[in-house]
K.L.:
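Have a look at this one.
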Amino acid sequence: MIYKFLPLLLLFFMSFAPKDIDNHDPILIASANSNNLLAKIEIVYKSLNSNNFAIPEINCFKKAMVGYYSLKQKGIVQKDILTIIDFSLSSTKKRLWVIDLSNNMILYNSLVSHGMNSGGEFANTFSNSPSSNKSSLGFYTTGETYNGKHGLSLKLDGQERGINHNARSRAVVIHGADYANPSILKSQNYLGRSQGCPAIPEALKAEIIKTIKNKSCLFIYHPNRSYDIASKLVA
């Protein structure tokens with residue numbers, strides 16, 4: 001008589017068998033794509049040629065790469081150059097990196113200033129508002145060069161509405177400045193500050209601006225919860 005129960009037992013055990021993944025489920029697809037992207041980014045990070053420079057922190061790098069790939073896919077970024085600024089670090093540290101992603105190599109690692117109303121040694125508050133004299137977080141594309149009161153400078157276009165989209169109208173640009181030179185650290189315990197621009201040492205401005213101008217990606221990072229919630233470019 002036991003044979004009568006075999007079909008029922010078979011169905012019972014089959015109910016515990018793993019189900020096939022629904023290849024048409026958008027949530028599962030997005031999750032798989034995200035995991036693949038993060039795995040790819042980790043490979044890039046581990047194989048990064050430091051060129052004898054320090055390398056950016058991994059979480060900062062991951063967020064920068066996620067946004068870079070998104071902007072590159074949309075055609076907004078057109079160069080394989082990524083600039084990362086980590087404003088979680090002290091302004092006494094070299095917290096700007098220029099990375100050549102086609103050769104997976106760090107080209108520059110430099111000091112960089114934050115806005116005077118963003119903080120002293122550390123940047124703690126950020127704004128997209130005109131006349132705030134604060135830095136803005138997030139993703140930018142580099143624009144055209146011009147000669148202004150700081151000499152050779154580079155215009156920036158913020159790519160995140162409500163976070164940094166006022167960059168061009170605020171005249172937030174990359175430029176060189178005496179107050180961003182390493183020598184100032186001998187007389188005070190923080191780098192000089194700007195009106196919101198990521199100012200860099202005079203000695204490096206020409207090389208860096210030439211390298212990153214015309215549609216490369218710039219990411220300004222800080223582990224800021226408000227930014228993470230508002231941004232559409234980082235997960």
Side-chain angles (χ1 to χ4, degrees), residues 50-61 63-64 81-99 106-140 142 145-156 158 163-164 166-167 170-213 216-224 227:
S50 70
N51 205 12
N52 294 319
F53 295 120
I55 62 174
E57 190 266 336
I58 181 63
N59 290 329
C60 170
F61 184 81
K63 288 190 174 183
I81 297 290
L82 173 62
T83 303
I84 299 174
I85 296 173
D86 184 354
F87 275 160
S88 72
L89 299 177
S90 163
S91 63
T92 64
K93 305 297 183 182
K94 293 182 177 181
R95 53 185 181 168
L96 177 149
W97 290 264
V98 178
I99 303 171
I106 297 175
L107 302 178
Y108 301 99
N109 179 208
S110 170
L111 295 169
V112 60
S113 292
H114 56 254
M116 62 180 70
N117 287 337
S118 281
E121 179 184 348
F122 289 88
N124 298 306
T125 62
F126 308 93
S127 176
N128 186 43
S129 299
S131 304
S132 67
N133 289 338
K134 292 184 178 183
S135 299
S136 299
L137 299 177
F139 288 89
Y140 300 75
T142 59
T145 61
Y146 71 99
N147 281 288
K149 66 178 181 179
H150 295 287
L152 179 66
S153 304
L154 177 64
K155 292 188 177 181
L156 299 173
I163 298 173
N164 61 22
N166 287 328
R170 288 180 62 202
V172 173
V173 302
I174 291 181
H175 62 77
D178 290 339
Y179 58 75
N181 289 338
S183 58
I184 199 169
L185 297 175
K186 297 176 181 178
S187 59
Q188 60 185 43
N189 62 357
Y190 58 89
L191 200 64
R193 295 162 296 166
S194 68
Q195 293 181 316
C197 298
I200 57 179
E202 287 283 357
L204 289 174
K205 75 174 183 183
E207 296 175 42
I208 289 178
I209 288 175
K210 180 181 178 182
T211 301
I212 71 175
K213 67 180 181 178
S216 75
C217 181
L218 164 68
F219 177 55
I220 299 181
Y221 168 82
H222 187 275
N224 181 285
Y227 171 75

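Throughout, residue positions are numbered sequentially from 1 according to the sequence presented.
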K.L.:
Side chains of Ile174 and Ile212, heavy atoms from C-beta outward: is any pair under 4.5 Å?
P.N.:
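Yes, close enough: below the 4.5 Å cut-off.
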
K.L.:
State, with a plain yes or no, whether a side-chain heavy atom of Asp86 is found less than 4.5 Å away from one of Trp97.
P.N.:
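Of all side-chain heavy-atom pairs linking Trp97 with Asp86, at least one is under 4.5 Å.
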
K.L.:
Drop me the distance from Arg95's CZ to Ile84's CD1, to the nearest 0.5 angstrom.
P.N.:
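That separation rounds to 14.5 Å.
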
K.L.:
Indicate the atoms forming the closest heavy-atom contact of Val98 with Ile208, along with that distance.
P.N.:
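Heavy-atom minimum between the residues: CG2-CG2, 4.2 Å.
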
K.L.:
Roughly how far apart are Leu185 CG and Lys93 NZ, rounded to 0.5 Å?
P.N.:
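Answer for the CG-NZ pair, Leu185 versus Lys93, is 10.0 Å.
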
K.L.:
Between OG1 of Thr211 and OH of Tyr108, what distance do you get to the nearest 0.5 Å?
P.N.:
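The OH atom of Tyr108 is 4.0 Å from OG1 of Thr211, to the nearest 0.5 Å.
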
K.L.:
Write down the atom of Pro56, the atom of Ile99, and the distance for their closest heavy-atom approach.
P.N.:
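Smallest interatomic distance, heavy atoms only, reads CG-CD1, 4.4 Å.
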
K.L.:
Any salt bridge (charged side-chain N to carboxylate O under 4.0 Å, His left out) involving residues 190-210? Give me the pairs, sequence neighbours left out, ordered by first then second residue.
P.N.:
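Residue pairs with at least one partner in residues 190-210: Glu202-Lys205.
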
K.L.:
Quick one, His222 with Ser135, criterion side-chain contact (heavy atoms from CB on, under 4.5 Å). Give me CA distance, side-chain angles, the key distance, then yes/no.
P.N.:
CA-CA 11 Å; His222 187 275; Ser135 299; over 6 Å; no

K.L.:
Is it the case that Lys63 places NZ or CZ above or below the six-membered ring of Phe219, under 6.0 angstrom from the centre and within 45 degrees of the axis?
P.N.:
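Negative - Lys63 is either too far from the ring of Phe219 or too far off its axis.
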
K.L.:
How many angstroms lie between atom OG1 of Thr125 and atom CG of Asn224, to the nearest 0.5 angstrom?
P.N.:
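Result: 9.5 Å between the selected atoms.
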
K.L.:
For Ser194, enumerate each residue passing the side chain to side chain donor-acceptor pair (under 3.5 Å) test, keeping only those at least two apart in sequence or located in another chain.
P.N.:
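With neighbours one apart ignored, the set is empty.
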
K.L.:
State whether the number of non-hydrogen atoms from other residues, nucleotides or ligands found under 6.0 Å of Asn52 atom CG is greater than 12.
P.N.:
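It does not: Asn52 CG has 12 such atoms or fewer within range.
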
K.L.:
Please list, chain by chain and in numerical order, all residues satisfying side chain to side chain donor-acceptor pair (under 3.5 Å) with Thr142, sequence neighbours excluded.
P.N.:
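For Thr142, the residues satisfying side chain to side chain donor-acceptor pair (under 3.5 Å) (neighbours in sequence not counted) are Ser216.
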
K.L.:
To the nearest 0.5 Å, what is the distance between OH on Tyr221 and CD1 on Ile85?
P.N.:
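It is 14.0 Å, given to the nearest 0.5 Å.
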
K.L.:
Minimum heavy-atom separation for Ile200 to Leu111, with atom names?
P.N.:
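The answer is CG2-O, 3.9 Å.
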
K.L.:
Taking side chain to side chain contact (heavy atoms under 4.5 Å, CB included) as the criterion, tell me which of Leu89, Thr92, Leu191 meets it with Glu121.
P.N.:
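Filter result, single survivor: Thr92.
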
K.L.:
Nearest heavy-atom pair of Ser118 and Phe126: which atoms, and what distance?
P.N.:
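Of all heavy-atom pairs spanning Ser118 and Phe126, the closest is OG-CD2, 4.2 Å.
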
K.L.:
Taking side-chain contact (heavy atoms from CB on, under 4.5 Å) as the definition, give me every residue that meets it alongside Ser129, ordered by chain and number, with sequence neighbours left out.
P.N.:
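Listed in chain order: Ser127, Ser132.
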
K.L.:
Return the set of residues passing side chain to side chain donor-acceptor pair (under 3.5 Å) with Gln188 (not counting sequence neighbours), or none when no residue passes.
P.N.:
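Side chain to side chain donor-acceptor pair (under 3.5 Å) list for Gln188, sorted by chain: empty.
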
K.L.:
Distance check, rounded to the nearest 0.5 Å: His175 atom NE2 versus Thr145 atom OG1?
P.N.:
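It is 14.5 Å, given to the nearest 0.5 Å.
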
K.L.:
Check whether more than 12 heavy atoms from other residues, nucleotides or ligands sit under 6.0 Å from atom CD of Glu57, and answer yes or no.
P.N.:
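Buried by this count: over 12 neighbours within 6.0 Å.
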
K.L.:
What heavy-atom pair brings Ser153 and Val173 nearest, and what distance separates the two atoms?
P.N.:
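Here Ser153 and Val173 meet closest at CB-CG2, 4.3 Å.
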
K.L.:
Just to verify, what does Ile55 make a side-chain contact (heavy atoms from CB on, under 4.5 Å) with, not counting sequence neighbours?
P.N.:
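Ile55 satisfies side-chain contact (heavy atoms from CB on, under 4.5 Å) with Tyr45, Leu48, Ser50, Ile106 only.
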
K.L.:
Between Asn128 and Asn166, is there a donor-acceptor pair closer than 3.5 Å when you use the side chain of the first and the backbone of the second?
P.N.:
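Side chain of Asn128 to backbone of Asn166, a donor-acceptor pair under 3.5 Å: yes, one is there.
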
K.L.:
Got a donor-acceptor contact below 3.5 angstrom from the Asn109 side chain to the Lys94 backbone?
P.N.:
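The answer is yes, because a donor-acceptor pair under 3.5 Å joins these two groups.
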
K.L.:
What pair of heavy atoms forms the shortest contact from Ser113 to Phe87, and how long is it?
P.N.:
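Where Ser113 meets Phe87 most closely, the heavy atoms are O-CZ, 3.6 Å.
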
